[in-house]
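Below: the structure, in structure tokens.
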Protein chains: 2
Amino acid sequence: MTEQLLESLGQAVVAGEFDGRSFPTEADISQHYGTSRSVTREAVKMLTAKGMLAARPRSGITTQPQEQWSLLDPDVLRWMLERKFSYELLRHFTEMRLGLEPAAAALAAKNASPEALRTIELGLERMAAAERGDGDHLAADISFHVAILKATGNPFYMQLDELIATALKISIRMTNRIKGHTASIPAHRHVFDAIRAGDSARAGAAMNSILTEVMALVAAGDKNGTRRAKRARV
Amino acid sequence: MTEQLLESLGQAVVAGEFDGRSFPTEADISQHYGTSRSVTREAVKMLTAKGMLAARPRSGITTQPQEQWSLLDPDVLRWMLERKFSYELLRHFTEMRLGLEPAAAALAAKNASPEALRTIELGLERMAAAERGDGDHLAADISFHVAILKATGNPFYMQLDELIATALKISIRMTNRIKGHTASIPAHRHVFDAIRAGDSARAGAAMNSILTEVMALVAAGDKNGTRRAKRARV
DNA sequence: TTTTTGTTATTTGTATGATAAATACTATAT
DNA sequence: ATATAGTATTTATCATACAAATAACAAAAA
């Protein structure tokens with residue numbers, strides 16, 4: 001119940017349904033959604049923790065400026081991508097991946113355990129299978145990228161799995177749409193080979209080139225304006 | 001009140017006071033800390049959102065394995081660094097900075113507005129002043145690094161300000177302690193110059209070299225074992 | 001007129017008690 | 001030994017009351 005309310009309120013905030021100070025009071029929310037005050041308060045509390053709301057006595061609940069939203073929170077990012085998609089957002093996200101994932105790949109080359117390595121390879125195989133029409137390409141691509149994060153052995157990078165997975169679900173759909181592009185198997189295999197060989201520099205460079213490619217696609221979409229984005233938002 | 005309880009519980013969890021399934025029930029917590037059940041529930045809810053706890057009927061509240069904690073949450077990271085400091089953690093954090101900050105510097109070189117540029121320069125000047133004994137070196141260093149994140153114009157990087165600031169407060173203190181090291185002004189000026197010149201590659205490389213230096217210090221501390229870390233934990 | 005001060009009303013914060021829902025544990029029957 | 005039904009424990013939700021903070025307003029003073 002709290003979860004549902006959290007979801008509803010989160011989406012509503014992102015969609016901009018409450019501009020500025022017009023956010024309803026606890027009482028209004030409870031009545032509108034038919035929830036008790038406890039549930040309402042706990043949902044608001046969570047959105048406060050995510051930087052989207054702030055509550056003060058007498059003033060009531062107010063929406064926080066977008067700069068303060070915790071974009072690194074998978075919930076927030078998902079709401080943004082689903083209800084407020086823009087190529088600009090996707091570009092910003094890809095810019096961050098461009099910082100993180102090559103570094104992660106380089107680390108993985110140094111630290112990957114045999115099991116972790118095997119998991120990356122498995123992701124690659126799933127991608128190849130999907131290429132032949134056998135399996136979900138999107139899921140395969142995600143598993144490959146997540147496996148590399150896990151292989152770093154660094155808890156900070158490992159934490160990013162859900163975030164990357166969430167965003168890839170939307171962003172890959174977008175980049176595929178732009179040019180009928182599908183993630184390049186050889187480029188991904190190149191990353192895997194470098195990691196297996198323990199070659200940090202090459203692993204980082206290979207991952208960098210994958211993301212540079214993605215970035216080019218996103219930038220192209222950005223230039224085409226928002227009409228296509230709106231159509232794709234389904 | 002909720003904040004205080006959140007703080008107490010968060011620190012207690014990090015310190016490992018509740019191993020495994022021994023976490024108290026809502027009722028126990030309320031009694032122990034003298035808080036009402038509403039307050040207790042809201043605090044637990046927040047720790048759940050941070051991945052540190054999970055609550056299920058009949059089973060009660062349980063601590064989650066450390067892999068699931070949201071290390072990117074400034075609260076969690078602060079608790080970790082304050083109550084569970086280790087050079088390994090610091091090394092992992094620095095590994096992430098090594099991915100993020102050079103990329104941020106490169107972006108800043110492309111996007112920094114005149115005001116943002118001025119803010120970076122201000123940070124640099126504060127560092128120089130601190131070097132001459134005039135002002136807080138730690139605060140100056142933080143302001144420099146945060147200013148670069150802000151200058152990227154990318155909300156994802158900009159979000160990291162609190163995280164980086166939190167961690168720098170502890171990590172700089174540590175790295176200084178290792179060798180009486182203080183952050184190198186020329187190296188930082190090099191980054192600034194490259195950003196001002198709009199030279200992405202050089203900005204990234206310069207930032208990279210700063211962090212590589214930090215990494216070397218941390219790695220050295222790591223080798224010295226945990227005794228020094230424990231002393232430094234004050 | 002402007003500023004200060006005090007009052008009031010609104011909204012969140014906290015406390016308490018009661019009921020519902022989920023589920024680990026136990027006893028029983030097969 | 002296994003399956004089934006019942007029981008007890010704990011969180012989840014609801015409802016209500018009161019406390020605390022404060023924005024808005026009014027009155028008084030400068």
Side-chain angles (χ1 to χ4, degrees), chain A residues 1-14 16-65 68-70 73 75-76, chain B residues 1-14 16-65 68-70 73 75-76:
Chain A
M1 201 98 193
T2 315
E3 290 298 317
Q4 296 164 38
L5 183 57
L6 173 68
E7 200 65 24
S8 301
L9 289 179
Q11 291 188 12
V13 171
V14 168
E17 288 179 25
F18 312 103
D19 279 354
R21 285 186 45 95
S22 68
F23 206 84
T25 64
E26 285 180 357
D28 292 337
I29 297 172
S30 300
Q31 188 175 7
H32 187 326
Y33 291 94
T35 53
S36 72
R37 213 187 137 195
S38 345
V39 169
T40 302
R41 276 189 62 80
E42 290 182 6
V44 169
K45 201 111 214 170
M46 288 199 241
L47 286 172
T48 303
K50 295 179 194 298
M52 298 174 75
L53 296 179
R56 290 179 53 206
R58 168 81 213 207
S59 308
I61 303 166
T62 51
T63 57
Q64 294 292 97
Q68 301 196 24
W69 299 0
S70 304
D73 181 299
D75 285 334
V76 177
Chain B
M1 200 103 194
T2 315
E3 289 299 318
Q4 294 165 39
L5 183 58
L6 173 70
E7 200 64 22
S8 302
L9 289 179
Q11 291 187 12
V13 171
V14 168
E17 288 178 25
F18 312 103
D19 278 355
R21 284 185 46 93
S22 68
F23 206 86
T25 64
E26 285 180 356
D28 292 338
I29 298 172
S30 300
Q31 188 175 7
H32 188 322
Y33 291 94
T35 52
S36 72
R37 215 187 137 199
S38 349
V39 169
T40 302
R41 275 189 62 80
E42 290 183 6
V44 169
K45 202 108 214 173
M46 289 199 241
L47 286 171
T48 303
K50 295 179 194 298
M52 299 174 74
L53 297 180
R56 290 180 54 206
R58 168 79 213 207
S59 309
I61 303 167
T62 52
T63 57
Q64 294 292 97
Q68 300 195 25
W69 300 358
S70 304
D73 181 301
D75 285 333
V76 177

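Chain letters run A, B, ... following the sequence lines, proteins first and then strands; every chain starts at 1. Remember, predicted model here, so these are calculated numbers, not experimental data.
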Residue whose closest nucleotide on DNA chain C lies nearer the 5' end, B:R56 versus A:P57: A:P57

Separation between CE of A:M46 and CD of A:E7, rounded to the nearest 0.5 Å: 11.0 Å

How many Å lie between [atom1] on [X] and [atom2] on [N], as a whole number?
{"X": "A:Q31", "N": "D:dC14", "atom1": "CD", "atom2": "P", "value": "14 Å"}
{"X": "B:L5", "N": "C:dA15", "atom1": "CG", "atom2": "C1'", "value": "14 Å"}
{"X": "A:F23", "N": "C:dT12", "atom1": "CZ", "atom2": "C1'", "value": "14 Å"}
{"X": "A:E42", "N": "C:dT14", "atom1": "CD", "atom2": "P", "value": "13 Å"}
{"X": "B:R37", "N": "C:dA18", "atom1": "CZ", "atom2": "C1'", "value": "10 Å"}

Of the candidate nucleotides [options], which contains the atom at the shortest distance from the side chain of [X]?
{"X": "B:V39", "options": "C:dA24, D:dT11, C:dA15", "result": "C:dA15"}
{"X": "A:M1", "options": "C:dT12, D:dC14, D:dT11", "result": "D:dC14"}
{"X": "A:R58", "options": "C:dA22, D:dA21, C:dA15", "result": "D:dA21"}

Has [X] got a side-chain N or O lying under 4.0 Å from the OP1 or OP2 atom of [N]?
{"X": "A:T2", "N": "D:dT13", "answer": "yes"}
{"X": "B:R41", "N": "D:dA12", "answer": "yes"}
{"X": "A:S59", "N": "D:dA23", "answer": "yes"}
{"X": "B:S36", "N": "C:dT14", "answer": "no"}

Atom CD of B:Q31: over 12 foreign heavy atoms under 6.0 Å: no

Atom CD of B:E17: over 12 foreign heavy atoms under 6.0 Å: yes

Intermediate values then yes/no, side-chain contact (heavy atoms from CB on, under 4.5 Å), A:V14 and A:M52: CA-CA 9 Å; A:V14 168; A:M52 298 174 75; 3.6 Å; yes

Sugar-phosphate, base or nothing in reach of A:S38, heavy atoms under 4.0 Å: base

